[in-house]
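Have a look at the structure below before the remarks.
Read the numbers this way: they start at 1 and go in the same order the structure lists the ligands and their atoms. These numbers were taken from a predicted model, which means no experiment stands behind them.
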Amino acid sequence: MQKYRITVGDQIRDLPLIPISDDTAIASFVLLGDDAMSRTAAELLIKKLPHKFDYVVTVESKGITLAHDISLLTNHPRSFVIRKSVKSYMKDPLTTTVDSITTQGQQQLVLDGADAKELQGKSVILVDDVVSTGGSLQSAEKLLKLAGCQIIAKATILAEGDAAERDDVVFLGKLPLFNLDGTIK
Ligand SMILES: O=P(O)(O)OC[C@H]1O[C@H](OP(=O)(O)OP(=O)(O)O)[C@H](O)[C@@H]1O
Ligand SMILES: Nc1ncnc2[nH]cnc12
């Protein structure tokens with residue numbers, strides 16, 4: 001299997017190239033369970049982010065450990081997770097749709113109404129493990145604006161494809177997209 005090497009601080013990973021359509025493959029970066037990578041990335045991102053903010057917010061699921069680590073390392077006792085489905089324990093959830101590079105068809109993004117209430121008027125840092133098309137970030141921003149909070153920074157570990165040209169997102173490294181033969185697009 002072809003691999004693409006990334007280095008984040010002292011963490012080196014050989015990511016497998018996985019086809020996601022009939023002309024594109026991604027270097028699959030699965031942060032869930034990779035606790036050393038999450039912790040290292042959090043430490044490095046914190047140095048690039050504003051020092052003063054109220055909360056870290058992320059999108060389910062692979063951004064969760066990163067949000068958790070940034071939040072605790074900056075002495076914030078809680079963070080918020082925008083979910084991908086409505087749960088019965090939510091109160092008056094805010095919902096929108098999302099398109100992401102890894103998922104065929106639209107998914108839902110959901111902010112629990114109770115969380116929206118706590119976020120109202122607060123300054124937040126929105127984080128995710130990878131930004132690619134920007135669809136997930138855009139939908140999350142929409143929900144956070146509906147909740148009435150101010151996004152003071154957006155951060156990710158890897159900016160993939162065209163996202164590497166973005167200047168509104170803080171990131172640690174670039175990740176190319178690939179042709180099916182493993183060459184870089
Ligand atoms: O910029 P985009 O094109 O939206 O891609 C980035 C999103 O894709 C991944 O999530 P994914 O949809 O794979 O869901 P998961 O984290 O639940 O696995 C990643 O964690 C980002 O949230
Ligand atoms: N390269 C990648 N690996 C895992 N999830 C992703 N979401 C978007 N790009 C991704």
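Counting only heavy atoms from C-beta outward, the side chains of E43 and I70 never approach each other to under 4.5 Å.
Which parts of ligand 2 touch T102 is read off a 4.0 Å heavy-atom cut-off, strictly below it: atoms 5 (N), 6 (C), 7 (N), 8 (C). Counting atoms of ligand 2 from 1 in the listed order, those under 4.0 Å from a heavy atom of S28 are 3 (N). For ligand 2 and I26, the ligand atoms under 4.0 Å from any heavy atom of the residue are 1 (N), 2 (C), 3 (N). Near A27, the atoms of ligand 2 lying under 4.0 angstrom from a non-hydrogen atom of the residue are 1 (N), 2 (C), 3 (N).
At under 3.5 Å, not a single nitrogen or oxygen of L175, backbone or side chain, sits near a nitrogen or oxygen of ligand 2. For the pair E160 and ligand 2, the shortest N or O to N or O distance falls below 3.5 Å.
With respect to the salt-bridge test (charged N to carboxylate O, under 4.0 angstrom), the residues K91 and D112 do not qualify. Using a 4.0 Å cut-off between charged side-chain N and carboxylate O, D14 and R5 make a salt bridge. For the pair E60 and K84, the salt-bridge criterion is not met [side-chain N within less than 4.0 Å of a carboxylate O].
Residues satisfying the salt bridge (Lys or Arg N to Asp or Glu O under 4.0 Å) test with D99, not counting sequence neighbours, are none. Residues passing the salt bridge (Lys or Arg N to Asp or Glu O under 4.0 Å) test with D34, sequence neighbours excluded: R13. Considering only residues two or more places apart in sequence or on other chains, K48 meets the side-chain contact (heavy atoms from CB on, under 4.5 Å) condition with V170, L172.
Relative ring orientation between F80 and Y55 is described as perpendicular, the plane-to-plane angle rising above 60° on a 0-90° scale split at 30° and 60°.
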**Asked** Is there a salt bridge (Lys or Arg N to Asp or Glu O under 4.0 Å) between K154 and E141 once you walk through the steps?
**Response** CA-CA 10 Å; K154 292 175 270 184; E141 285 184 73; 3.3 Å; yes

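Within 4.0 Å of ligand 1, contacts by protein heavy atoms are made from E60, S61, K62, K84, D99, S100, I101, T102, T103, Q107, D128, D129, V130, V131, S132, T133, G134, G135, S136.
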